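Quick caveat, the model's predicted, so the values are computed rather than measured.
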Amino acid sequence: MSKHKEAVQKQFTKTANAFSTSAVRDTPEVLAEKVEFIKPQPVDLALDVACGPGALVLALAPRVRFARGIDLTEEMVRRARQFQVERNIANAAFSCGEAEHLPYPDAAFDLVSCQCSIHHMPQPELALKEMVRVMKPEGHLAIIDTLGPESDAKFELHNRIETVRDPSHTLSLRLTTFVEMFEECGLEIARQALKRRRRSFNQWMLRAGLEPSHKRYQEVRKLLEESIPGDRAGFSPEPSGDDILITHHEGMFLLVGR
């Protein structure tokens, strides 16, 4: 296994509790919005790649025939299975595996999804090709991820802040890079939406396992505060008491084969 994948496993094993319970990224409303955007069908066999603690899989399951989730980190898969039992959802399953080497035959799924995980992949195009491989020719692929700023200066500082916060972060890609990658993989955008996700800085840091006493918390906060004049990192930060409100730009893409 590559050093980067080991870093991903280390990061998400450490933060599994915060990520899945105390500092959850998506509110129930945002999760429901994502499901509505994807528009799953009752006959679908669905796969969510890099599923984390299984929130999207378990939200899709009542709307499809069967939903699978796969993730690199065993602790995330364990928590996903635990949530499945708690919610008494029968038509779902979770397993460990790599996005670049999916253990499924060609054309196995009607719906494939991957949310907020591309920015942890050193070679996202390889994972995307694997997702296309396991998707049926008439199937759909849903990619949801944070977007990096288009300007070079903002892009560099934005991703530096992200990487100091979470060493398993590789790059938040630009919208233009996503579009190029989709074209190279023979995909067309059937539907897209761009969202501004307003977040608490302190909750964002907790999700990375960092409290105010941590050195990395202090380093990220300093970088973010210094970026406020002219919004130099593209986070649109606004001080709010002892917290800072930040904005992540998120792209939602529903893709089909050409």
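- Ring-plane geometry between F235 and H158 is classed as parallel, the angle between the planes falling under 30 degrees on a 0 to 90 degree scale with a further cut at 60.
- Under a 3.5 Å cut-off, the side chain of T73 and the backbone N or O of E75 do not form any donor-acceptor pair.
- Environment of CZ in R174: crowded, with over 12 heavy atoms of neighbouring residues, nucleotides or ligands closer than 6.0 Å.
- Every pair passing side-chain hydrogen bond (donor to acceptor under 3.5 Å, both in side chains) that includes a residue from residues 29-53 is listed here, sequence neighbours excluded: D26-K34, T27-E29, E33-K195, E33-R197, K34-Q115, E36-R63, D48-S113.
- A donor-acceptor contact shorter than 3.5 Å links the side chain of D231 to the backbone of S236.
- With hydrogens and angles disregarded, no donor-acceptor distance shorter than 3.5 Å links the side chain of D71 to the backbone of M76.
- Remark: K136 NZ is packed, more than 12 non-hydrogen atoms of other residues, nucleotides or ligands lying under 6.0 Å away.
- Looking at every heavy atom in both residues, A233 comes nearest to P149 through O-CG, 3.9 Å.
- For CD of E156, the number of neighbouring non-hydrogen atoms (other residues, nucleotides, ligands) closer than 6.0 Å is 12 at most.
- Of the possible polar contacts, one joining the R216 side chain to the R165 backbone as a donor-acceptor pair under 3.5 Å is found.
- Judged by the 6.0 Å and 45° rule, R87 forms a cation-pi pair with F83.
- Ring to ring, F109 and F66 are not that close: their centroids are 6.0 angstrom or more apart.
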Intermediate values then yes/no, side chain to side chain donor-acceptor pair (under 3.5 Å), S172 and H119: CA-CA 5 Å; S172 290; H119 62 260; 5.0 Å; no
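- Linking ILVMFWY residues whenever their side-chain heavy atoms come closer than 4.5 Å, directly or via other members, leaves L45 and V64 in distinct clusters.
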For residues 177-189, which side-chain donor-acceptor pairs fall under 3.5 Å, sequence neighbours excluded?
none

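- The cluster map of Ile, Leu, Val, Met, Phe, Trp and Tyr, joined by side-chain heavy atoms under 4.5 Å apart, puts V49 and F253 in the same cluster.
- Closest non-hydrogen pair, L194 versus G251, comes out as CD2-CA, 4.0 Å.
- Here the side chain of D243 pairs no donor or acceptor atom with the backbone of S200 at under 3.5 angstrom.
- Across every non-hydrogen atom of I89 and L58, the tightest pair is CD1-O, 3.6 Å.
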